[in-house]
Amino acid sequence: GANMGTAHESPIAENVDFTPAAGLASTNVQDAIEEVAGPGGGGGSVCIIGDEWRHGIRDFNMVANGIADDTTPFNNAIASGYHIYLPAGAIKVTAALTPVTTQGQKIHGAGWSRTTAPFVYAGTRIIQASTTANVFDLQCPKPSIKHLAIIRENGSATAGCGIIWGSEPTPRYWCDIEDILIEYMYTGVKVLNSGNGAFNYVNIYRSVLHGLHIRTTAPNGDTKFNNCNVAAQTTGTGAAYYIEGGDLLHFVNCKALNNVNNLKINSDYGHVYCLLFANCSFENGSANYVANITKTTYNNWGLQFLGCEYGAGGTKGIYIGDGVTDYKFVGGEAQNIVGNTFEIHGQRNQIIGMNMRDNSGDAFNLGATASGIQMIGNQTTGLSGYGLNIASGASYLTAIGNDLRGCGSGAASIAAGVKATSKFRDNQGMVDYETSVASTPDFISQMSLVAGQWYMAKGTSAPSDWVLLG
């Protein structure tokens, strides 16, 4: 097995690292005591660590052998209100733990490790024997959970979360969750109507329904997720990252790999707006979409995806539904997607500077409700469909400086009825399809190819009023 604090090989694929946060996980109990209390802060025999810390085994009589039921002593520890240090060992519980209600209470372990299959665990791990119960229920401001693993003992979970933060309708604020492994729970982490939290190095593996489920309403947002990984989520109705309400959420260096669905964003519970995904990856989803983004009850707008990677979807790539507005996809790469890279029905969305390669459908498949879509400076290589495949009714489209030569079906297929105010300029490969473009009845009065140059009508359809596009 791996030592505490060292990198683990992923159980799923070599390029996903289920790893304790570097420099945080301890190599033994003594190091962990010193980590929270300072050098000499209690040694291996003193019960009280500092003035506010208590030791789970010595002060609350946990057995931590993976066999004895430690539910009652664990609940007593939480109810005490002290910060709790949990040494290395398997702490078995058979029911949901009592909610954490003391403001600022900290429950920290000695770190965790896991080898690749067959899995061998070490460090501090909490074993949930119930197939329906939660583990941590955080119902106070400023709770802190760090350096431990949460593992469902039985693989047949039908309910329950590893960590719940907040409740409906009561919001909670300022959680601090770091260096956590959660395995085989029904849902890994659920955020309910809470905000201003931090989730760092949270690794969720083989959740049944959702890996990370966010369900909040404004102004409860502004939570940061850094270096979080979700892999092998198994239910088609769920997702690795499932967001049905939230604002000002930041996801940085997060990964989703080999989940049934990697990313679902809708607005069933509350408005979704001003989210940021930076340097994230969503790969190898086995069903439906790499990313499924829809508007339902509330607004869904203003999200940014910067430098992200998307790959190997089941039947479709990135789906943007009608009513989803002001999304930006800037930079990054989409490859090996089964189906269209982008299927867009929304409004005022931008795709800029992306590299799309070896995908089996269109680069951009725009439906009749698509409007105000800007596609600028994108690159295609090895796609089997069209670069631009635009349905009748789409309007206010802009495609400038895209290289569409890498599309097997052709650079563009633009249906009759595409609205007049669309602009196509300096796209490599489109001139090869001038006939199909120019022959669309409702489009010809607004855009035409004359002597190898694209023109757009301005004011009237008279040739004297045409504007040279490129």
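Computed from heavy atoms alone, side chains included, the values below leave out hydrogens, waters and symmetry copies.
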Quick one: are Gln105 and Pro143 in side-chain contact, heavy atoms under 4.5 Å?
no
Whether Asn266 side chain and Lys295 backbone form a donor-acceptor pair below 3.5 Å:
no
Regarding Asp268 and Thr296, is there a side-chain donor-to-acceptor distance under 3.5 Å anywhere?
yes
Please report whether the ring centroid of Tyr85 lies less than 6.0 Å from that of His108.
no
Assign the ring pair Tyr310 / Phe282 to parallel, tilted or perpendicular, where the plane angle (0 to 90°) is split at 30° and 60°.
parallel
For the pair Arg215 and Glu168, evaluate salt bridge (Lys or Arg N to Asp or Glu O under 4.0 Å) and give the outcome as yes or no after the intermediate values.
CA-CA 9 Å; Arg215 182 180 171 93; Glu168 301 169 340; 2.6 Å; yes
Can you confirm whether Ile182 sits close enough to Asn203 that some side-chain heavy atom of one is under 4.5 Å from a side-chain heavy atom of the other?
no
For the residue pair Arg348 and Tyr327, would you count it as a cation-pi contact if the rule is NZ or CZ under 6.0 angstrom from the ring centre and within 45 degrees of the ring axis?
no
Determine whether the aromatic ring centres of Tyr319 and His345 lie less than 6.0 Å apart.
yes
Check whether any side-chain N or O of Asn259 sits under 3.5 Å from a backbone N or O of Val230 as a donor-acceptor pair, and report yes or no.
yes
Can any side-chain N or O of Trp165 pair as donor or acceptor with the backbone N or O of Phe136 at less than 3.5 Å?
no
Pi-cation contact, Tyr184 with Arg206 (under 6.0 Å, within 45°)
no
Would you please test Ile150 and Leu181 for side chain to side chain contact (heavy atoms under 4.5 Å, CB included) and show each step?
CA-CA 6 Å; Ile150 300 168; Leu181 171 68; over 6 Å; no
Tyr298, OH atom: more than 12 neighbouring heavy atoms under 6.0 Å:
no
Any sub-3.5 Å donor-acceptor pair from Ser207's side-chain atoms to His210's backbone N or O?
yes
Close side-chain approach of Cys161 to Met185, heavy-atom, < 4.5 Å:
no
Look only at the side chain of Thr380 and the backbone of Gly406, and say whether a donor-acceptor pair between them is shorter than 3.5 Å.
yes
In sequence, state the C-alpha distance, the side-chain angles, and the governing distance for Asn200 and Asn227, and then conclude on side chain to side chain contact (heavy atoms under 4.5 Å, CB included).
CA-CA 6 Å; Asn200 299 308; Asn227 297 289; 5.9 Å; no
Closer than 3.5 angstrom, by distance alone: can the side chain of Thr381 be matched with the main-chain N or O of Arg357 as a donor-acceptor pair?
no
Donor-acceptor contact below 3.5 Å, side chain Glu283 vs main chain Glu309:
no
Any idea how Phe225 and Phe251 line up, ring-wise: parallel (<30°), tilted (30 to 60°), or perpendicular (>60°)?
parallel
Within a radius of less than 6.0 Å around NZ of Lys328, do more than 12 heavy atoms belonging to other residues, nucleotides or ligands occur?
no
Does the Thr187 side chain pair with the main chain of Val189, one donor and one acceptor, at a distance under 3.5 Å?
no
Inter- and intrachain pairs under salt bridge (Lys or Arg N to Asp or Glu O under 4.0 Å), touching residues 127-146, at least two apart
Lys146-Asp176, Lys146-Glu178
Yes or no on side chain to side chain donor-acceptor pair (under 3.5 Å) for Thr341 and Asn359, after CA distance, side-chain angles and deciding distance?
CA-CA 7 Å; Thr341 307; Asn359 304 323; 2.9 Å; yes
Could you tell me whether the side chains of Gln379 and Asn355 share a donor-acceptor contact shorter than 3.5 Å?
no
Roughly how far, to the nearest 0.5 Å, is the SG atom of Cys254 from the CG atom of Asn226?
6.5 Å
With ring centroids as reference points, do Phe329 and Phe342 lie under 6.0 angstrom apart?
yes
Which residue, Asn349, Ile344, Ile352, Leu388, forms the side chain to side chain contact (heavy atoms under 4.5 Å, CB included) with Met375?
Leu388
For the residue pair Thr94 / Asp69, report whether a side-chain donor-acceptor contact shorter than 3.5 Å exists.
yes
Looking only at the side chains, is there a donor atom on one of Asn262 and Gln233 sitting less than 3.5 Å from an acceptor on the other?
no
Is it true that a side-chain atom of Thr71 and a backbone atom of Val93 form a donor plus acceptor pair closer than 3.5 Å?
no
Is a side-chain N or O of His271 found less than 3.5 angstrom from the main chain of Asn299, in a donor-acceptor match?
yes
